[in-house]
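Values in this document were obtained by computation on a predicted structure and should not be read as measured data. Lettering of chains follows the sequences in order, A, B, ..., and the numbering in each one begins at 1.
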Amino acid sequence: MRIVTWNVNSLKARLPRVLELLADLAPDALCLQETKVETAAFPHDELREAGYAAVDHSGGRWAGVAVLAPLAAPPVEAGRGLPGEPDAEDARWIEADVAGIRVISTYVPNGREPASPWFDQKLQFLAAARERLATIVPAGPLVIAGDFNIAPEDRDVYDPAAFTGSTHVTPEERAAHRALLETGLRDAYRTVSPDGERYTWWDYRAGHFHKNLGMRIDHVLLTPDLSARLTACDIARDYRKGAKPSDHAPLVADLS
DNA sequence: ATGTCACGCTGGGCGTGA
């Protein structure tokens with residue numbers, strides 16, 4: 001079983017790269033974030049031609065999440081949005097059942113600046129996510145994957161000093177991330193690579209990808225039954241290269 | 001290094017968000 005998560009930064013702009021990924025990696029579940037597409041414009045037809053079905057929570061110009069799975073074992077929607085999230089108009093959370101596993105794709109708010117209303121809304125979203133997970137994780141198996149916009153530890157950023165005063169690394173955000181894990185989830189990348197220092201996001205600007213100036217902010221979190229089946233968890237950096245890349249690379253988790 | 005993308009609105013740059 002292969003589970004992939006990818007912040008595509010516009011599904012319309014990234015569709016060729018998504019089709020490339022489906023053909024090359026053949027995921028059993030693909031969680032997308034920042035689809036930035038209207039519900040009516042979601043490219044179901046193109047994905048179906050590639051052998052995939054999708055459930056999407058689309059918000060138009062911003063955000064947007066989806067779960068894709070092969071037509072032979074398609075995703076069955078199990079809910080969208082999050083009780084208690086700060087803006088119900090945002091499209092940042094979708095749940096689907098895929099081959100007996102609850103699969104959640106989430107796009108946590110960026111937060112913009114610490115001590116701003118947007119930062120408070122990020123923490124509020126994370127608190128709502130924790131509440132939801134506390135309810136459904138015990139019923140596992142479950143995977144939640146997406147762009148959490150949090151680097152869990154200093155080693156998950158290229159230079160902690162470069163992020164002083166910035167979001168993604170604050171004690172509050174890291175505590176909120178730990179609280180998600182404490183509902184009974186394990187970080188797939190960290191489980192496979194206890195000493196790994198690889199990243200999933202690099203700024204488009206200033207050649208940051210070329211210099212590997214990135215952060216690990218995309219995560220696959222698994223219930224223990226699924227974590228015990230992990231055989232690999234890799235960052236597919238090739239998708240950050242080439243024509244029209246997203247600023248995020250896909251994260252690929254393989255289960256026996 | 002305020003350095004790049006992608007969007008909507010529009011009709012070609014600008015405002016917004018990341």
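At whole-Å resolution of the value, CZ in A/R240 and C1' in B/dA18 are 13 Å apart. Atom pair A/K122:NZ and B/dA18:P shows a separation of 10 Å (rounding to whole Å applied). If you measure from atom NZ of A/K244 to atom P of B/dC7, you get 7 Å, rounded to the nearest angstrom. Per the geometry, CD belonging to A/Q33 stands 18 Å off C1' belonging to B/dC7, to the nearest Å. Here the P atom of nucleotide B/dA18 and the CD atom of A/Q121 are 10 Å apart, to the nearest Å. As a whole-Å value, the separation of A/W62 CH2 from B/dA18 P is 7 Å. Atom CE in A/M215 sits roughly 13 Å away from atom C1' in B/dA18 (whole-Å rounding). For A/E38 and B/dA6, the CD to C1' distance is 15 Å, given to the nearest whole Å.
The phosphate of B/dC5 (OP1 or OP2) has no side-chain N or O of A/R205 nearer than 4.0 angstrom. Within the structure, every side-chain polar atom (N or O) of A/K36 is placed at least 4.0 Å from both OP1 and OP2 of B/dG8.
Comparing A/N9 and A/D247 by the nucleotide of DNA chain B whose heavy atom lies nearest to each, the residue mapping closer to the 5' end is A/N9. Between A/G207 and A/Y107, the one whose closest nucleotide on DNA chain B sits nearer the 5' end is A/G207.
Of the candidate nucleotides B/dA18, B/dG17, B/dC5, B/dC5 has the atom nearest to the side chain of A/R14.
Here A/K122 pairs with A/E173 in a salt bridge; the nearest charged N to carboxylate O distance falls below 4.0 Å. Using a 4.0 Å cut-off between a side-chain N of Lys or Arg and a carboxylate O of Asp or Glu, A/R102 and A/E95 qualify as a salt bridge.
In this structure, a donor-acceptor pair under 3.5 Å is absent between the side chains of A/T106 and A/Q33.
The ring of A/Y107 has its center no closer than 6.0 angstrom to the ring center of A/F125.
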